[in-house]
Amino acid sequence: MDMNLNFNEIEKKWNAHWEKEDLYNVEMDISKPKFYVLDMFPYPSGAGLHVGHPLGYIASDIYARYKRMKGYNVLHPMGFDAFGLPAEEYAIETGIHPADSTEANIKRYCEQMKLLGFSFDWNRMIKTCDPKFYKWTQWIFTQLFEHYYNSFEDKAKSIDSLIKIFEKEGNTKVKARHENKNAFSANDWNLYSDKEKSEILMDYRLAYRKVGYVNWCEKLGTVLANDQVKDGISERGGHPVEKKAMTQWYLRITAYAERMITGLQTLEWSDALKTMQANWIGRSEGATILFDIINSDKTLEIYTTRPDTIYGATFMVLAPEHPYVAEQTNEHQKKEVEKYISYVNSRSEIERMAEKKVSGAFIGAYAYNPFTKKEIPIYISEYVLLDYGTGAIMAVPSDDDRDEAFAEKYNIDIIQVIDKSDFPGATLHDKVGKIINSDFLNGMEVIEAISAMCAKIEEMGIGEKKINYKLRDSNFSRQRYWGEPFPITFDSNNIAHVSDISELPVTLPHTHDFIPGKGGESPLSRIKDFLNPKEGIKRETDTMPAVAGSSWYHLRYMDPNNDEDLASAEKINYWQDVDLYVGGAEHAVAHLMYARFWHKFLFDLGKVPTQEPYKKLVNQGMIQGVIEYINLQKEKIDGVNRFVSIEIVNEEEKTQWVKIPVHVDFISDYGSENSYLDANGIKQFLDWRSAYKGNCSFESKKGIYNEKNLPNDFRLTTISEVGKMSKSKFNVINPDEVVEKYGADCFRMYEMFLGPIEQSKPWDTQGIDGVYKFLKRYISLFFKGENFLLSSEKATEEELKILHKTIKKVNHGIERFSFNTCVSAFMVCTNELKKIHSNKMEILSPLNILLAPFAPYITEELNSVMRGNSRSVHLEVYPTHNETYLQEEAFDYPICFNGKKRGMHSFPSSYSPKQIEAEVAKLEVFRKWTEGQTVRKVIVVPKRMVNIVVS
RNA sequence: GCCGAUGUGGCGGAAUUGGUAGACGCGCUGGAUUCAAAAUCCAGUAUCUUCGGAUGUGGGGGUUCGAUUCCCCCCAUCGGUACCA
C-alpha cells in the first residue's frame, strides 16, 4: 500500500468487491431489530445527479451504516420516480420515447450513485414506470374505488357492504363521507336502475368521478393539482392556467382529514412541516345555520365559525357560482347580477390574486335572520368561494374585515356585537371579548357564547355544529401519456368498472404519438386497441398523476419482486414502517399528504400494521447553484455586441444592459465574489453561443478587445446570483468531476462538513481542500515515512482519552444528525494523534471503524491492509466510548464570586459537586475572601466552575 | 396579512441545551523547509486598549450569581400560505 492513495482506483476495487460479496444485500431476519432508512427517490432528469442530490443520500447512508454496525437489520433501498411530465415534454421536443430517455437517465443516476459508495441494497431497486410496480399502484386504485369511508367506524369499508345496507334500509342511517344529501329508502334503492345505482355509489367511493372545476393548462394539455400551480401559472414551464369544468377522477382524501391531523402528533417531524400540513388541512370548528329566504320555500344554508355573532349578521353573501343565484335573483336585479357574473368570469386567476377588489351585486332577495327577526339582503361576491363550507355566508361586518369592507361600500348596517375593551391588543380574529346587543347572549364571553348559540340552533332545528376543512379532494386525472393507465372500463351504459386483479397490470401501450390532444383528449384515446379492448367496452384513457407511484413505494421495497401482492404480509409485518425518511422540503405537502393518506387507507384494509408511513423525517436543505451572467449592451454598436465587465458598468446605465447566462464550466473562480471569464473562458463561451462569434467586443478596465486580439490575462467579471441548480440555468454541477479530483470519501465528508443538512446553501468548493488535507493526514497516521507501519504496543492513557472522546462526540453527532460536528471531531482527533506521533493498532483500528460510515472506501482499504483482508470494516461493531477514559484525574476549577473569577483550585474529577462544595469551605483563601460578607450559596458546575454567591 | 424558520469574526459554521463564546475548516499574516514553486509543518488571527483590562452572539428590555441559549417588544432575511367565513 502506497501512502499516496489513488482514490479512484480503490473506489473501483471496493465497489467491485462489495458487489461481488453482495455486502449490502439485506433479508428479513427476526433475530435482529429492524431499521428502515429511506431517501425520497429521485426523478431521473436528463441533467444527471447534481451535487445537491447526494446531500440527503450521504446523510442517510451514514446513518444506515451506523445503525447496521450497531446491530440493526437495516433496509436501505433506492429507486426511481420515473413517470412524469418532464420526460414527456422532452419526448415531445426530441421525439425520443419517454421510456428510452428515462431508462438512459436511470442508468446514469445509478452509475453516479454507485460512485459515491452508498450502501443501498440495489437488488431492491424499483421504478414506478415498471408494469410490475404499477400493477400494484393500479390495484390500490381499484381498492379505493371499491371502498367508502364509514364515519361511524371511522375507517374505509367495502362498497359491497354499503350496497347490502342500501338494500336493507336505504341510506338514511349511513354515516359516510360523501357529497350528495338525497335520502332514499331500501325500496327506492331496489327500484333504481343500474345507472342510477352506479351514480349513487360513485358519490360514496374513495376514488370517484365527478365534474369539477380544475386547473387546466392548455399549453401542457393537462389538468394540474393545486400545488402544481403558482400564482396562476404552471410550476412546470410557467404557462397560464385557467379554471375549466371537466369530468375527472378524484380521491376522497378529505375523508381522512381528521386522522391526518391527529396523526401528526405521533410523528418526529419538524414543527415547521407539521404546521404546514396542519394549515393545508385547515381544520375549523363552526356550525351550519339555515336562513329562510323571504317569499320562497327555500332555505339558505351557511357555514360560520362564529355563530355567536349572528345578532350582527346584517346581510348574506353567496358565491357567484352558487345554484341559488339563478333561481332567487329577481327581475329587477337580473341585469346587474348577470353583469357581475360575467365580470367575475372575465377575471383571470392572476388578476384575482393580484388585486382583491371589494365587489359584488345585490340579487334582490332577502333572508330572514332568525334571531334579530330582520329581513337582510342577499348579495353575491367573489370573496365567497363555492367549494368551501356551503358556498354562502352570513356577513357580520362588525367582526370580519372583508364583511366590513363590503358593508361600507354597499352602505349596509354595522351592528357591534362584541365588546373587546378588556382586550386592548386583540385583533378582529381573536375569539375574546364580551357579547353585547345580542339578547340572551349578552354578557357572555365569546367562547361561552359560541357553545350557547350552537346548543340554541340545534334546539331550534335550524343548524348544527360542523367541522370544516380547507383540504379538497384531490384531482387524480391527467390527460397525458407518461403515467399509469387507470384500471377502469366503461360499459355501454357508461358505468365505470374496475379491472379485476387478474387483469392487472393494465399496461401502458407503446406509442410515439404522445402529443396531448386538443381540449383535454388524452393521447391514449387515439390508440384504438387500448380504447376498445372489447365490443361495447371503453377504457379510461386518462393517466394517473406523478404522485401515484410515490404514495406507496416505501412498501414495495420490502418485497420488490412479489407478483402475488404489493408486498407479502410477513415482510410488511417485519419492516413495518420507515424509521427515518430523508428528503427535500419541496415535497412537504403533495407527496407526504398522499403517502400518509394511502398508508392510512391500506391500514384500514389491514395491509399495513401502522397508521403512519414515515416515523421520523429529516428535510435536507437545497444546495443551490450560482448562476453566472455577463453584461451585454441592449443596443448593438455598428452591428457589434458589446460585452462589458461589471466593475465598469455604472448604476444609472443598468437599464441599458441585459444579463446573458453563461455556462458555469467556463467560469474561473466559480462561486467566489470575483468570478470571471478569462480569455480561454471567452473562447469557450463563443463556441457555445456561436451566434456572437465574430461580431462582439469585450471591455474591461484593461481596454476594449475583440475575440482575435484578447490578451491572455484579460478578465471579464461576471454577475453571480444564487439560485436553484437547473439545466436551464447552465449551473448544474455534477459530483463526477469533484469525485474524480478528490475521491468519493472526500466528497461525502465535505458535503457533511458544509453545515447542518437542514440548511440550504450555495455550492462552493472553497473549503474542500481542508477535508482533503484531513484525509491525507488521517492516512499518514498509519505510516512511518513511506511504509505502512502500526505498533502493537499498548496504548497510553492519553491516547485512549483522545480515542474515547472522539467516539463519544461522533456517536452523539450521528444520533442528532449533526454530521458536520462529527467531521470536526475526526479532524481534532487526527491532529491530536499526529501531534503525539501515535501509531498504535489499539487506537487506530477502532478509529478506522468509527470513520467507516463517513469514508467507506479509505477505511475499507486501510482495514484490509491492517488486518490482512479479513472482514469488511462495514461488518464491524460500531465502537462505543468508555467513560473511565474520559475522566481526568484532577480538574482546575475557577473559583468565582458572583460570577467573577477570583482564583483557581484543583479538585479530583471523581469528586461530586457536594464534595467539592465541602472542600471549598475548608480552603484558607475562602475564609479570607468571604470575610465580612454573607455567603448565600455555593454553586458547583462539574468540570466548569465553582461560584460563590455573596450579598 | 397570517404561519414557520433563521440572525454568532473576513467566510462556512461550533458551543455538552443555562456554565470560560468563536471548536473545526476556509481565508489572511508571519516563520521553517526549498535554488524556486507546489506540497508539508510551526505560530498568530473578534473588536478596542493607556497592555491592567474593557466591549462583544441583529436591536431594546426582563428573569438569573451567570443568557448565543429562557420570557416580552422591535428590526432584517428566507420559506410556506392566502378572500377558507
Side-chain angles (χ1 to χ4, degrees), chain A residues 4 227 230 270-280 282-284 286 302-306 309 313 317 319 352-353 356-358 381-385 387-396 399-403 405-406 427 429 468-472 585-586 588-589 619 621-622 672-673 749-750 753-756 758-762 764-774 776-777 780 808-809 812-813 816 818 820-831 834-835 892-894 896-901 936-951:
Chain A
N4 298 306
D227 43 84
K230 288 230 153 75
S270 71
D271 286 344
L273 218 120
K274 284 201 231 179
T275 44
M276 227 188 264
Q277 290 231 332
N279 288 344
W280 194 260
R283 183 183 198 274
S284 72
I302 59 101
Y303 174 75
T304 179
T305 53
R306 299 297 302 275
T309 61
V317 187
R352 273 181 78 155
M353 292 198 194
K356 280 163 197 161
K357 277 192 187 159
V358 180
S381 176
E382 61 178 340
Y383 82 85
V384 174
L385 308 174
D387 51 1
Y388 182 74
T390 60
I393 60 160
M394 64 172 200
V396 184
D399 221 54
D400 181 291
D401 34 21
R402 293 155 306 174
D403 295 347
F406 196 88
T427 63
H429 288 275
N468 241 312
Y469 304 93
K470 284 192 218 173
L471 186 71
R472 308 291 149 84
E586 64 272 19
V589 256
N619 279 126
M622 235 189 331
S672 84
E673 223 166 287
M749 292 193 83
Y750 178 59
F753 188 60
L754 278 173
E758 296 91 343
Q759 242 164 66
S760 294
K761 53 225 142 198
D764 79 294
T765 48
Q766 295 273 302
I768 200 165
D769 286 332
V771 177
Y772 191 67
K773 265 189 239 171
F774 152 72
K776 281 206 284 189
R777 210 172 313 158
S780 78
K808 190 179 180 184
K809 277 196 217 162
H812 190 237
R816 288 190 316 152
S818 171
N820 51 338
T821 56
C822 295
V823 178
S824 296
F826 283 120
M827 288 176 172
V828 172
C829 177
T830 304
N831 286 345
K834 191 90 195 163
K835 204 171 269 175
D892 288 334
Y893 281 81
C896 308
F897 269 61
N898 286 357
K900 297 233 179 208
K901 191 170 150 191
R936 284 231 314 263
K937 55 182 163 175
V938 178
I939 300 157
V940 178
V941 184
K943 289 207 173 178
R944 278 282 171 262
M945 68 186 318
V946 176
N947 190 24
I948 299 156
V949 183
V950 292
S951 49

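The chains referred to below are lettered A, B, ... by the order of the sequence lines, with proteins before strands, and numbering in each begins at 1. What you see is a predicted model, and the numbers here were worked out from it, not measured in a lab.
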Student: So does A:Gly621 get a backbone contact from the side chain of A:Ser760, meaning a donor-acceptor N/O pair under 3.5 Å?
Tutor: no

Student: Pick base, sugar-phosphate or nothing for A:Asn468, based on heavy-atom distances below 4.0 Å to the nucleic acid.
Tutor: nothing

Student: In whole angstrom, what separates A:Asp387's CG from B:C83's P?
Tutor: 11 Å

Student: For the C1' atoms, the ones on B:A43 and on B:U6, what distance do you get once it is rounded to whole angstrom?
Tutor: 36 Å

Student: To the nearest angstrom, how far is A:Lys761 atom NZ from B:U6 atom P?
Tutor: 14 Å

Student: Is a side-chain N or O of A:Lys274 found less than 3.5 angstrom from the main chain of A:Ala272, in a donor-acceptor match?
Tutor: no

Student: Within the pair A:Asn831 and B:G25, is there a side-chain N or O less than 4.0 Å away from OP1 or OP2?
Tutor: yes

Student: Under 4.0 Å, counting only non-hydrogen atoms across every strand here, what does A:Gln759 touch: a base, just sugar-phosphate, or nothing?
Tutor: sugar-phosphate

Student: Answer with yes or no whether the side chains of A:Arg283 and A:Asn468 bring together a donor and an acceptor at under 3.5 Å.
Tutor: no

Student: I'd like to know if A:Arg472 reaches the base of B:C84 with its side chain such that a donor and an acceptor end up less than 3.5 angstrom apart.
Tutor: yes

Student: Considering just the side-chain nitrogens and oxygens of A:Arg816, establish if one lies under 4.0 Å of OP1 or OP2 belonging to B:U17.
Tutor: no

Student: Please state the C1' separation for the pair B:G66 and B:U50 - nearest whole angstrom.
Tutor: 30 Å

Student: Could you tell me how far B:G7 sits from B:G56 if I compare only their C1' atoms? Round to whole Å.
Tutor: 16 Å

Student: Just call it for A:Lys808: base, sugar-phosphate, or nothing, with non-hydrogen atoms closer than 4.0 Å on any strand.
Tutor: nothing

Student: Expressed in whole Å, how much space separates the P atoms belonging to B:G1 and B:G19?
Tutor: 36 Å

Student: Any idea how A:Phe774 and A:Phe826 line up, ring-wise: parallel (<30°), tilted (30 to 60°), or perpendicular (>60°)?
Tutor: tilted

Student: When you compare the side chain of A:Tyr303 with that of A:Ile393, does any pair of heavy atoms fall below 4.5 Å?
Tutor: no

Student: Is there a side-chain polar atom (N or O) of A:Tyr388 under 4.0 Å from OP1 or OP2 of B:A85?
Tutor: yes

Student: Taking the same atom, P, in B:A14 and in B:G58, what whole-Å distance lies between them?
Tutor: 14 Å

Student: For B:U50, measure the glycosidic angle (O4'-C1'-N9-C4 for a purine, O4'-C1'-N1-C2 for a pyrimidine) and name it syn if it falls within 90° of 0, otherwise anti.
Tutor: anti

Student: Between A:Lys773 and B:A39, does any side-chain N or O lie under 4.0 Å from OP1 or OP2?
Tutor: no

Student: Check every strand shown and say whether A:Leu754 touches a base, only sugar-phosphate, or nothing at a heavy-atom separation below 4.0 Å.
Tutor: sugar-phosphate

